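Below is one structure; the comments refer to it alone.
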Protein chains: 2
Amino acid sequence: MESPLPEPEPLTSLIEALRRLPGVGVRSARRMAYHLLQYDISGADQLSRALASAVQGLRHCTRCNGFAEEEVCATCANPKRDPSLLCIVETPADQNMIESSHGYRGLYYVLMGRLTPLEGVGPQALQFDRLIQRVSDGVVQEVILATNFTAEGETTAHYLSELLRARGLTVSRLARGVPAGSELEYVDAGTIAWALMERRHT
Amino acid sequence: MESPLPEPEPLTSLIEALRRLPGVGVRSARRMAYHLLQYDISGADQLSRALASAVQGLRHCTRCNGFAEEEVCATCANPKRDPSLLCIVETPADQNMIESSHGYRGLYYVLMGRLTPLEGVGPQALQFDRLIQRVSDGVVQEVILATNFTAEGETTAHYLSELLRARGLTVSRLARGVPAGSELEYVDAGTIAWALMERRHT
């Protein structure tokens, strides 16, 4: 920041910190800082605490790789779920969408990303070895690839399909009921339920 | 949030807290939360601390109403500034822009907002009584109105002009060199310097 004004240090630090949020530039960060400090001190306080407790209290579920407070998350620990089915999604938001379709009773694995070789995110960054370990428990029979229907999501699905079929697993992909080019998070639950039902084996 | 998934509590709280930021909806908040927790734990930590220390360490300068660590901010305490000139701005960002024009050596008063009657922000919410007290110190001779050249900014300037002239002060407005309809924060410093020079008395 090229601020010629002797801005108080805590304000400068706050603006710098807000810029770490994705999609937030210096002007947005400034507006956010002013807004919080002027009109919503309790919001600033709440956000500070929520961040601290999330940093402290959240870890990755050792089974599905999603965010969890315990070693194993509630979904993975649920005995009513079918452990022979494993649905692979990019993010917890995608998992939420699939849950909201009420069309799936199996378990999940959250990649926490997608293959984007141009940005240096390869199989190693996404810890595919951990995924391989997860699907090799002898219980998982079928893996449903539910990555986004974007270029990167399709690439990830294709790569995983090769990888997992080579290990003798049945691999399927959500049916093309999901409009091509869109992201799961923005699709209505009915379409997702239909796509689950019509999933095709690859 | 209509999350059917048993989402870990710290994550839900973080998403809720991020939504307090201006212009951030539930989807953006989710993405921000995932991003911080997955790729930038140190950023989350930094933001948490910055918020806490800003909440703790910042207050309003008793003279200019801007953010300050001390009772009186560095600008107001600077003996080299001309105390007979008082420039009224909407936000600290606007003050920064005027400083960067190097065209002004007087003092400031930061409104921390503008008159927006439709949103219930009137003279009382902006503490105009405090401003009146500030300009009545017997030292201020001229007040320069540097609110934005938007509808609300013009309304605020008009209102303040009436209010302050009734108290025998010389009141001026930044010259119309600033393109109408735009906000100070986005104008180049040269234009602002010119507008300061050409300020017209109202």
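Quick caveat: nothing in here was measured; it's all calculated off a predicted structure. Only heavy atoms go into these numbers, but all of them, side chains included; no hydrogens, no water, no symmetry mates. Order of the sequence lines sets the chain letters (A, B, ...), proteins ahead of strands, with each chain counted from 1.
With no hydrogens or angles considered, a side-chain donor-acceptor pair links B:Arg20 and A:Ser42 at under 3.5 Å.
Side-chain atoms of A:Tyr34 come within 3.5 Å of backbone N or O of B:Ala93 as a donor-acceptor pair.
Contact annotation for residues 48-69 of chain A against chain B (heavy-atom separation below 4.5 Å, listed by residue number): A:Ser48, A:Ala50, A:Leu51, A:Ala52, A:Ser53, A:Ala54, A:Val55, A:Leu58, A:His60, A:Phe67, A:Ala68, A:Glu69.
In this structure, the portions of B:Glu9 lying under 4.5 Å from any heavy atom of chain A include both its backbone and its side chain. Only the side chain of B:Leu36 comes within less than 4.5 Å of a heavy atom in chain A; its backbone stays farther off.
Inter-residue side-chain proximity for B:Leu21 and A:Val24 is flagged as unmet; no heavy-atom pair is nearer than 4.5 Å.
For chain B, the option among A:Leu11, A:Asn78, A:Asp45 with the highest count of heavy-atom pairs below 4.5 Å is A:Leu11. The greatest number of non-hydrogen atom pairs below 4.5 Å with chain B, out of A:Gly43, A:Ser28, A:Gly23, is found for A:Gly43. Ranked by heavy-atom pairs under 4.5 Å with chain A, the first of B:Pro22, B:Ala33, B:Ser13 is B:Pro22. With respect to chain A, the highest number of heavy-atom pairs below 4.5 Å among B:Ile41, B:Leu18, B:Asp40 belongs to B:Asp40.
Between B:Glu7 atom CD and A:Glu99 atom CD the span is 11.5 Å, to the nearest 0.5 Å.
For B:His35, the NE2 atom counts as densely surrounded, since its 6.0 Å shell holds more than 12 non-hydrogen atoms of other residues, nucleotides or ligands.
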_Verdict with reasoning, A:Thr91 to B:Gln38, per side chain to side chain contact (heavy atoms under 4.5 Å, CB included)_ = CA-CA 10 Å; A:Thr91 68; B:Gln38 187 64 23; over 6 Å; no
